[in-house]
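One structure is given below, encoded as C-alpha cells.
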Amino acid sequence: MNETMKCISKYIVLFVLLIYTQTFLGQENKHKEALKIFQRIEEGINDNSVDKFANYFSQRNYLSLNNSSVGYFSFNQSYYVLKDYLSIYQPISFRLNNILTETTNPFAAGTFKYINKGVRGTAIIFIALQWSENQWKISQITIN
Amino acid sequence: MSVYKKNIDKYLIVSFALILFVGLIIGFVNPFLKKYLERNWEDESKEFSFHFSEKVQESFDKKINHLISHASYIKKIFSTEYKLVENNHSNFVDKIESQDLIIHLFDSGNNLLYWNENSFLDYIDQSYENKIGQAFFINKKGKVYLTFIDTIEVINKSYFLVSSKIIANSINIGQKKETMIDSLKNNLDTEVIFDFDESANLIKDGRKYSFPILNNFKNKIGVATINKPTLSFAQQEIDKKTKIAQSILIILSIYILFIFVNCKINSGNLIRWITYSCEIILLRVALFYFEIPSSFWKSELTNPVNYSSRFGYGIVSSPFEFFVTAVSLFSIVLLYKRMIESNFVQNLVMISKNRYLKYFLSVLVIFLIMLIWRACGASIRSVVFDSNIRYFKEFQLIPEPVVALMSLNILLLGLLIIFSSTILFNILIAILKIKRQNSFLIFIIIQIVGLLFDQIQLQPQGTNLIRFVFFSSVYLLAVFNQSKNYLSIHNFIWFAFSASIISVSLLTYYNSELERESLKNTAFDFIRIKEPQLKFMMFQTLQEASNELINYEKENIDYDFVAFQIWEKSFFRKEGIETSINFLDDNKNYLGGFNSFSDQNRMIDFENIKLSNEIYVGKYNMLYGDNISLYGIMPISTATQKSYVLISINILNSIPRKNNFSIFRQESNVISSSLNFDDIKIFVLNNVGKIYSDEIINLNDYDIKKIQEMFIKKINESWERIELFKEKYYAYFLNDNLNGEGQVICVAKPEKHFSWNLSDFFKIFFIHAFIVSIFLVLFLLLNFKKLFRDIFSFKTKLALSLFLLSLLPMIFISNYIRNLIDENNQKIIRESLKEKIVQAKNVIDKKLATQTLNEKAIYKSINDEYGICFSIYKDNRLQYSSFIDLYSSGLTSYNLSYNAFKNLKNNDSKIFFARENITGKNYNMVFCTLINGEILEINELTNPIKLALSKLDFDVFLFGVFSLLLIIIMIISTTLSLQISKPVNILTKATKSIADGDLDYEIHIKTNDEFKDLAIAFNTMTKKLKQSQIELAQFEREEAWKEMAKQVAHEIKNPLTPMKLSVQQLIAAYKDKSNKFEEIFKKVTDTILLQIETLKNIASEFSNFARMPKMNIDKIDVVKAINEAIMLFVDEKKYVNFIYPNQNIFVLADEDHLKRTIINMIRNSFQANASKVIIELFSDDLSAVIKIIDNGNGIDESILSKIYDYNFTTKEKGMGLGLSMAKKYLESLNGSIMVESTNKNGTTFLIKIPLHKV
C-alpha cells in the first residue's frame, strides 16, 4: 500500500513539475515572443518598412503620433498612417532602450531620430503589446 | 480613312513624341542641374537665406504698418470724439473697429480704461515706456504679441494706446487660428526658429543662418534662425521633382496612346468595350504606381487617417485614392451598361435557347448579384471602420472638404452597386425571356436568396430591412426604368437617390456596430496602460520637463503656465490621463500649478510627499476615497530659489470625469471614438461590489449578480443589457485583475441610441442631396440648349410653378421654426445661467455679510457646496475662479469683459448677458455685481447646459426632411405636370403626324374631361380630313385623267395630220404611177418617221408625268432616320423597341421616303392588332438590313402574293398604296422588301438597302 502510495506520490510530483515547467516555459516563450516583436518593430522603423511588423497590428490600435494623428485605428489604417508618417519623418535611426516584457502588457520605448524637410529631429517612440488570440499584438504606438 | 482621322493620328503621334522627348530632356537635365547646384551651392544657399530673410522682414513690416496706421486712425477718432463727449471716453470706444487687433487704452496713471477681446495687459510695464512709437514683441503665456504703443494727448491729458496682434501661439488647445509665424513655417522647406527677444544674439553656426527682425525704427526686436538647406537635401528635392514630372508625362503619354488605339479599333462592340475597360484600369493602375497625386499633394484629402484600406494593394489608401478608384470603376460600369443595352441582350436571347445554359447563366447572375450585395456591405463597413471621420458625431452643416469627399465616395459606391445590380437584373430577365412586367417572381426569388445568403455568412450585410430595400430598388429601377438615355436627368435622380438611401442606411448600421466596438475600446483604455508604463511615462515627462526648465532659470517663472506647458507636451495629455502638475518650494509651499481636472479633492496632499534631490517616482494613498496616486518629483534650481516639480496621476479607479472642462477633455483619447462622451456611463465595480463612478450609479441586484459572476467564473469580457436610471443600457464589461484585486470596468450606452436614427440618416443624406443637386445643375448647364428649350415648355412651367408653390411656404415655415428654436434655446441657456447666477449671488452675498473667512475661502466653499463654477473679478481683474487653470494656461484673459464692466458700472442690481469668445468659440456669459463690489461671472463653457434640441440637431433634422420633401415635391409636381400636359402633348404629336401625312393617327384619351371631347373632335376632324383627301384625290385624279386625255388627244392629233397627208400623197403618187414616186416615197416615209418619233416623245413625256415625285437622294444615317420615325409612336403607348448597333449605318436614300415607309410598316402592324413591334437594324457586307417584327394577326397565305399590288388592301378604309409605294421606293434604291415569315403570332418584314461606301 505504502509502495503504491509512494509511486502515486512520485507521479503526482512529476506531473506537478511537468505542469509547472510547461507553464514556466510557456511564460518564457511569451516573453521571447514579445521581445522578438519589439525587435521586428525596431528593424521595420529603421528600414522605413512598416511591412516588417504590419502583421502584428491588432484590429484596433491606439496610435498617437507627433503629426497630430491620435486615436484608435483599424488594422488597415494603422499600416498606412504609420507608412505616411515615416514617409514624412524619414528614419535615420531607432533604438529601443527601454524594454519590459515580463509583465502582462509588455512595452518598449526608444529614441527615434528622423529627418523632416532636411532637418534632423528626435522623438520618443513608445510601443505596447497585448495578448490577444494566443499571440502578442501591438496595442499602442505613441510617438512624442 | 478620312482626312479628319488622318489629322488626328498626326496630332496624336506628334503629341506622344513631344511628351517622350520632354521626359527624356528632363531626365538628361537632372544630373546637370544637380552638378550645377553642387558647383554653386554656396551662392545658392546664400541667395535662399537672403531671400527668406527678406520675406520674413516683409511680413513683419506689413504687420507693423498695420498697427501704426490703426493707431493713427484711433488717435483721430479719439481727438474728435473726446471733445464732443467732454472727458468721457466710454462713448468713443464704441466707434473703434478693432480690425482683428487687441486694443488696450491706459490713462497717465497706468489705469486700464478700455480693452477688447483677448486682452492680456492690466498695466503698462515700465520697460515698455521707452518703446513708445515703435513696435516690439511681448511674450505672454505661450503667445507672442507684436505690439505698438502710442501716446494720445487731448486737452492736457495723456493716454497710452497699446495695439497688438498675436503672431505666434504655442498653445495647441482649443480652436487655434493660424498665425503669421505658422504660415511662414508651413511655407518653408526647412526649420525656422524665432527668438522674440530684442537681446537675443545672432547664432554663429555654419549650418544655420541667423538674421535680426527689425521694427519701424530699424531696431532689432528679435532674431530668426533657419537651418540652411543641405546640398544633399536640395539634390534629393530635384530628384523628387524630376520623378514627379516624368511620372505625369508617362501618364499623359499612356493616355494619348489609348486615344490612338481607340481610333484604330474597327472590331465589334464587345472588343471595343473590353479595350475601353482595360484602358481605364491601366490608367488607374498607372496613377497608383506612380503615386500621383499622393507623392506631391499632402492634404486632408490624401491623409490615410481619414480613410485607408489595404484593398487592392492600397489602391484606396486615402479618401482621394478612393475617389479616383470609384470614378474609374463607375466609368467601366457605365460602359458595360451601354454595351448591354445595345446588342448584348440579343446575344443572350440566342444563348438562352439552350435550356441548361439558360439555367446555369441565371444561377450565375443571381450569385453575382449576391456578391455585389456583399461587396456593398463590406465597402461601407470599411468606410466606417477604416476611417477616423465620425460622420454622425462630428457633423457640420457645411462639411469639411474631406467629409464632403468621403460622402461623395459613399454615394459613388452606392451608384456603382446599384448600377451593376440593375444591369445584372436586366440580363437575368433577358436570359429567362420574361416580360419585364412579369418579372416579380424573379424579385421574390432574389429576396429569398438574399435572405439565405446573409444567413449563411458570419457577418451579414446590414439588416433584413436594408437588404429588402436594396433588392427592391434594383428591381424597380431595372423593370420600370426603361428610358433609352441612361444618362438622362430622370435616370440620374432615381439612381442617385436609391444609391444614397442604401449607402447611408448601411453607414448608420455599421456606425452602430462601431459604437459597440467603441464601448469595448473605451473599457480597454482603462487597462491599456498599466503601472509600469505609467512609471516610465512619469520618468520621461520629468526628464523632458528638466530640459524645458533650463530656459526659465534666468527669469521669474510663471509656474502656472510652465506647469500647463509641461502637461501639454507630456505623454499624459496624449493618453488623456488626468494629471496634476505643481511647483513647490523647499518648505513644500505651493508656488503654482496646473490640473487637467476640476476635482480639487483629487489633488495630492503635499505634506505627505517626500522631497528628493533627484528624479523620484513613487506611490501615494490619497486621502479621499480609495484612490492611489502615482507621483514623480524632481528638483529645479532657479536664480532665486530651489524648487520642485511634482507630477501626480491617479492609477486606481481613474474614471474620466464628465465635469472636466471640455477644452481639456477633447485631448483625451476618446476623441477618436465614435461615442459621444456625454451619452455613455462609465463605472468600475470591484470584487466586493463597490462602484466607482463620476456620477451616482445604482445597479439592481440582478445586474450586480451578473457582474459578480464574472469574478467567480473568471469571465474576461461580457456584453450585457442592464438597467440604469430606469432606462435600458447596452453595456460592455471587462474583467481586469489590477494588483491582484479584481475590478470590472463597465461602459454602457442607452439601447435606444443604437437603433436606426432618422436624424443620423439625414446628416449624410442631406450632403448627398446637395452633391446630387450640384451634379444636376452641371448636367443642365452642359445641356443648356435643351434646357433653354425645355424651360419654356408648358410642362416645365407647370412643374416649376407647382414646385415653387409647395416649396416657398415650406422655406418660410421652416425658417420661422428654426429661428424660434434658436431663440428658445438661447432663452433656455440664459434663463439657466441667470438662475445659477442669482443663486450664487444670494449665497455669496449672504456669506460675505455674515462670515469672517477671507473672500477666496468663501468662494471656494460655495463652489464645493453648490457645484457652480464661477469667476470673480475685482477692478477688472480676475480675483478667483473655480476653473483657474483655464486662465493660468493662457487660454483665456484675466481681464473682465469690457462690455460687462461698462454695463455693470454703477449698477448693482443689474444682470448683464454677453456672448464672448473663449478659446476660439463663442459662449454665453452672465455677470452681476456682488455686495462687496466685485463682479461675478458664470459662463456656458464651465456650466454646460443640455438642450433638448440644439440648433444643429434641428438643422440636421430640418435639412434632412427638407431633402426628402424636395424629392417628394419634385416627384409630385413632375407627375402632376405630366398628367396635365399629357393631352396637350398627345395633341401636338397627333398634329405633327397629320402634318406628316399620317391620317390614320387616332387619339385615345381615357379621362372623361374636356380633353376627351377635344380628342373625339380631333379624331372626327381627322376622319373627315382623310375622307376629303380621298375624295379630293379621286377628283383630282379624274380631272387629271381628263386633262391628260385632252392633251394626249391634242398632242397625238398634231403628228397624225401630217402623217395622214403624207400617206395620202404617197397613195396618190402610187396611183398616178408618178415618175417621182421614189422621191415622194422617201419624203413621205421621212415625214412619217419624224412624226412617229414625235409621238414617241409625246408618249415619253406623258410617261414621265405619271411617274413618282422626284426623290432627294442623299447619304443618310438609317439609325437616326428610324429613331425619328418611331418617335411618333412614343406617346401612343405602343411598344416599339428599336435595337441598333453602336455605330452609324449610312445608305443613299431619301430620308423622308424612308421614314414614311417605316411609319407605314409600323402603322400596318398595329392595325393588324400587334401589341409590340421590334425593329432590328444591322448591316451585312452589302446592305443595311431592317427587320420589322410584330406580334399581330399575320398575313393570310392566300393574299401574300397580292400585298404589294397597287390598290390592294384588306383594311376597310385603306387605299392599298402603302406597301406598293414602299416596294416601288425601295426598288428604286436597288433595295428590296420581303416577308421573311408570317403566321398567327406575327409577321416579320425584311428590308434591305445597299450600304453607302466611300
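Within every chain, numbering begins at 1; the chains are lettered A, B, ... in the order of the sequence lines, protein sequences first and strands thereafter.
For B:Ser570, the part sitting under 4.5 Å from any heavy atom of chain A is the backbone (N, CA, C, O) and nothing else. At a 4.5 Å heavy-atom cutoff, the contact between B:Glu544 and chain A is made by side-chain atoms alone. Using a 4.5 Å cut-off between heavy atoms, A:Ile143 touches chain B through its backbone atoms (N, CA, C, O) alone. Neither the backbone nor the side chain of A:Ser78 has a heavy atom closer than 4.5 Å to any heavy atom of chain B.
With 3.5 Å as the limit, one finds a donor-acceptor pair spanning the side chains of A:Ser74 and B:Asp386.
Residue A:Lys36 qualifies as open at atom NZ: its count of foreign heavy atoms under 6.0 Å is 12 or below. The environment of A:Gln135 atom CD is dense: over 12 non-hydrogen atoms of other residues, nucleotides or ligands sit within 6.0 angstrom. The number of heavy-atom neighbours closer than 6.0 Å to NZ of B:Lys243, taken from other residues, nucleotides and ligands shown, is 12 or below.
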Test log, rule side chain to side chain contact (heavy atoms under 4.5 Å, CB included), inputs B:Phe385 and A:Gln59: CA-CA 10 Å; B:Phe385 279 79; A:Gln59 285 309 311; over 6 Å; no
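Considering OG1 of A:Thr142 and CD of B:Gln533, their distance stands at 10.0 Å, rounded to 0.5 Å. Taken from OG in B:Ser309 to CZ in A:Phe75, the straight-line distance is 11.0 Å, to the nearest 0.5 Å. The distance from atom OH of A:Tyr80 to atom OG of B:Ser294, rounded to the nearest 0.5 Å, is 10.5 Å. Rounded to the nearest 0.5 angstrom, A:Lys83 NZ and B:Ser308 OG are separated by 11.0 Å.
Using the six-membered ring where Trp is involved, A:Phe107 and B:Phe536 have ring planes that are tilted, between 30° and 60° apart.
The choice from A:Leu100, A:Asn98, A:Ile124 that makes the most heavy-atom pairs within less than 4.5 Å of chain B is A:Ile124.
Side-chain contact between B:Phe233 and A:Ile115 is absent, with no heavy atoms from C-beta onward closer than 4.5 Å. The side-chain heavy atoms of B:Lys569 and A:Asn144, taken from C-beta on, include no pair separated by under 4.5 Å. Annotation: side chain of B:Ser518 is not in contact with side chain of A:Arg60 (no heavy-atom distance under 4.5 Å). In this structure, the side chains of B:Met537 and A:Phe126 come closer than 4.5 Å at one or more pairs of heavy atoms.
A:Gln77 contributes a side-chain N or O that, together with a main-chain N or O of B:Val305, makes up a donor-acceptor pair within less than 3.5 Å.
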